[in-house]
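Right, one structure below, let's go through it.
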Amino acid sequence: MPSPKKMTADSWMLYKRLLKYLRGYWKVFAVSLLAMTIAAATEPAFVALMKPLVDGGLVGKDPGTMVWVPLAIIGLFLLRGVSSFINEYATSWLSGHLVQRLRQEMFTLLLRLPVTYYENQSSGRMVSRVMNDVNQITEAGFNVITITVKDGLTVLGLFGLLLYTDWRLTLVCFTVFPTVAICIQYISRRLRGLSRESQKQMGQLTQVLGESIECQRVVKVYSGETYETGRFAEGAKAIRQNLVKQRVTSSINTGVTQLIIACALAAVLYYAGVLARQDALTPGGFVTFVTAMMMVFAPIKRITNVSLSLQRGLAAAESVFSFLDETPEPDHGTQVLSETQGALSFRDVGFRYARAEREALTGITLDIAPGETLALVGPSGGGKTTLVSLIPRFYVPQSGEILLDGIPLNEITLSSLRAQIALVSQDVVLFNGSVAENIAYGRRETDDQEAIAEAARAANALDFIEAMPDGFDTLIGEKGMRLSGGQRQRLAIARALLKNAPILILDEATSALDTQSERLVQAALENLMRNRTTIVIAHRLSTIENADRIAVMERGRIIELGTHRVLLAQQGVYARLHHLQFHEESSG
């Protein structure tokens, strides 16, 4: 467990970093602090009016006092209401801007993180950080500041009034603070740990919820409802238990603190009574002192209660800032490609995934000419997808280098490199928008409807699009769930056609389709591949027989390379795979 000293230092560093986000809004923040100060000052001012009201009005029967004191009280509460409104408005405005800015920074970074980060993190935890943790930061950022500053100033003002009224009685009050401080320090450590655990549990619950929604068809077919219900119930139970622990801990803190203060209050009241009997304290002074003591109890209670919000907010700040400190994918390239011929060269390329037992790629040396179609085939785990993932620099090889038109990829800026590449994979990614928006995703600056329609025509998608109720404006639903597999695939091809990139990567783009859909998609792919450097990962060998060359990969190496006819004549691995697949299709 971290030491109290270290925790205090860490908390202060979090606050300093949090306050940097307010630099651009310092005027609004200053107005908020000023309003807080004015609102806090009205409470001791109200208590101070008790002495002239009692001594001058009730005891002395002074009619002037009986008039101006009530009017002053009305004025004080009017001032308190206005200042409190300004403070609440300014605080809400600031917290809204803080949340928006942090979320924007987190989302911007999220899009720039390397693929390896996504592989090692659950999507539920990432969503929870952006949606939930940022909201909780406002508790540490503004709610705590408001309570601490406003109530802190109120307490200081009331104690000043107590000292002025009778310093002997006030000394009794100061004996409370060391005990209260120790209690708060212990409880704070406990609450911080519980808050960290709560954020992890919320991420896990979000993960279960997301998977159950996304995979609902699999859940239904495999009768997973009971299992998923159990997973969700377990996560919800853990969150509930953690919340109860937080509330109990906070309640114990509040109860103990209030008991200590009550004991001090009882001692003060007794001693004040003794002084009053000895005429050492006027009735107005006695009423003022007791009223101040009673009123100081409420802000102290709020300050002790704020520990839960503070620790929850600081734990959320730790989570958010640790995410913002993640390193985005490296982009040290300086050369910007305006256009490229599409010549790719692999020079003794090697790659190993983190914690993998063996290399995914070993000694890959290969040249792909501009406009050439290269097919990659071989058993699963051979390194085909890994090899094509190196081209857009989703991964960086540990050895060797890859060149585009003779330029090493690491010398090219990521944005200009990826602008030269289009990707169509087996797992089609579509967005919850219109058909036209999905086709134009690779060229969002264009609003040329003719170009979008032409891309759809070349992808053999125009017929089914025009048959839809709203044509190109039809909303396709989340992940394109309102479309068939073949239709989704043809939209992805249309998107790649419109982008018109010189390098095309096809990752088993037809493997999950029926025969009729495959024919339509294959025809669209032939249009797409024309005059482009194309790398095709193929499961069905019949779809790549016309490729310029075929590379057979096994255990991260290229073991055969040549045309369809040459590889069949060699009677090697490719010939064996082709024979097995042809035999299976004939049998089917």
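- To the nearest 0.5 angstrom, Leu344 atom CG is 11.0 Å from Gln420 atom CD.
- Expressed to the nearest 0.5 Å, how far CD1 of Ile239 lies from NZ of Lys200 amounts to 14.0 Å.
- Counting all heavy atoms, side chain and backbone alike, Arg101 lies closest to Tyr21 at NH1-O, 3.3 Å.
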Query raised in the report: Can you check side chain to side chain contact (heavy atoms under 4.5 Å, CB included) on Val134 and Arg129, steps first, answer last?
Result: CA-CA 7 Å; Val134 172; Arg129 269 178 162 162; over 6 Å; no

Without placing hydrogens or testing angles, list every side-chain donor-acceptor pair under 3.5 Å for residues 454-461, not counting sequence neighbours.
| from | atom 1 | to | atom 2 | distance (Å) |
| --- | --- | --- | --- | --- |
| Glu454 | OE1 | Arg457 | NH1 | 2.7 |
| Asn460 | ND2 | Leu520 | O | 3.0 |

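- What you find for Ala551 and Leu561 is that their closest heavy atoms are CB-CD1, 3.7 Å.
- Within a 6.0 Å radius of CD in Glu339, other residues, nucleotides and ligands contribute 12 heavy atoms or fewer.
- Judged by distance alone, the side chain of Thr386 and the main-chain N or O of Ala360 form no donor-acceptor pair under 3.5 Å.
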Report task. Before giving the answer on side chain to side chain contact (heavy atoms under 4.5 Å, CB included), spell out for Leu376 and Leu387 the whole-Å C-alpha distance, their side-chain angles and the decisive distance to 0.1 Å. Result -> CA-CA 9 Å; Leu376 301 177; Leu387 182 64; 3.8 Å; yes

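- Between the side chains of Asn410 and Arg393, not a single donor N or O lies within less than 3.5 Å of an accepting N or O.
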Query raised in the report: Can you check side chain to side chain contact (heavy atoms under 4.5 Å, CB included) on Val536 and Leu374, steps first, answer last?
Result: CA-CA 6 Å; Val536 185; Leu374 175 75; over 6 Å; no

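- One side chain, Asp133 or Ser319, offers a donor N or O that lies under 3.5 Å from an acceptor on the other.
- Proximity of a side-chain donor or acceptor of Ser322 to a complementary backbone N or O of Glu318 within less than 3.5 Å is detected.
- Judged purely by distance below 3.5 Å, without hydrogens or angles, the side chains of Thr108 and Arg103 never pair a donor atom with an acceptor atom.
- Every residue two or more places apart in sequence or in another chain was checked for a salt bridge (Lys or Arg N to Asp or Glu O under 4.0 Å) with Glu466, and none qualifies.
- Counted within 6.0 Å of OH on Tyr353, heavy atoms from surrounding residues, nucleotides or ligands total more than 12; the atom is thus considered enclosed.
- A pairwise comparison of heavy atoms in Gly556 and Arg358 identifies N-NH1, 4.4 Å as the closest pair.
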Report task. Give the C-alpha distance, both sets of side-chain angles, the deciding distance and a yes or no for side chain to side chain contact (heavy atoms under 4.5 Å, CB included) between Ile421 and Ile391. Result -> CA-CA 9 Å; Ile421 301 169; Ile391 299 172; 3.9 Å; yes

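- Across all non-hydrogen atoms, the minimal contact from Thr533 to Gln341 is OG1-O, 4.0 Å.
- Sorted by first and then second residue, the salt bridge (Lys or Arg N to Asp or Glu O under 4.0 Å) pairs with a member in residues 367-383 read Arg347-Asp367, Glu372-Arg549; sequence neighbours excluded.
- Side-chain atoms of Ser198 and Gln201 form no donor-acceptor pair, as typed in the model, at a separation below 3.5 Å.
- The two residues Gln571 and Ala575 have their closest heavy-atom pair at CA-CB, 3.7 Å.
- Classification of the Tyr395-Phe351 ring pair by plane angle, with boundaries at 30° and 60°, yields tilted.
- Between Leu462 atom CG and Phe472 atom CZ the span is 5.0 Å, to the nearest 0.5 Å.
- The number of heavy atoms from other shown groups lying within 6.0 Å of CZ (Arg555) does not exceed 12.
- In this structure, Arg17 places its CZ atom where more than 12 heavy-atom neighbours from other residues, nucleotides or ligands lie under 6.0 Å away.
- With rounding to the nearest 0.5 Å, the separation of CG in Leu475 from CZ in Phe431 is 15.0 Å.
- To the nearest 0.5 Å, atom CD1 of residue Ile505 and atom CZ of residue Arg532 are 13.0 Å apart.
- Here the closest non-hydrogen pair linking Val435 and Leu491 is CG1-CD2, 3.8 Å.
- Within the 6.0 Å centre-distance limit, the rings of Tyr574 and His564 are counted as a close aromatic pair.
- Atom CG of Asn546 is surrounded by 12 or fewer heavy atoms from other residues, nucleotides or ligands within 6.0 Å.
- Judged purely by atom type and a 3.5 angstrom limit, Lys499 has no side-chain atom pairing as donor or acceptor with the backbone of Ala440.
- Side chains of Asp405 and Thr340: a donor on one and an acceptor on the other come within 3.5 Å.
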Report task. Assess whether side chain to side chain donor-acceptor pair (under 3.5 Å) is satisfied between His332 and Glu411, documenting all intermediate values. Result -> CA-CA 7 Å; His332 306 303; Glu411 295 181 8; over 6 Å; no

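- Side-chain contact of Ser95 with Ser92: a donor-acceptor pair under 3.5 Å is absent, judged by distance alone.
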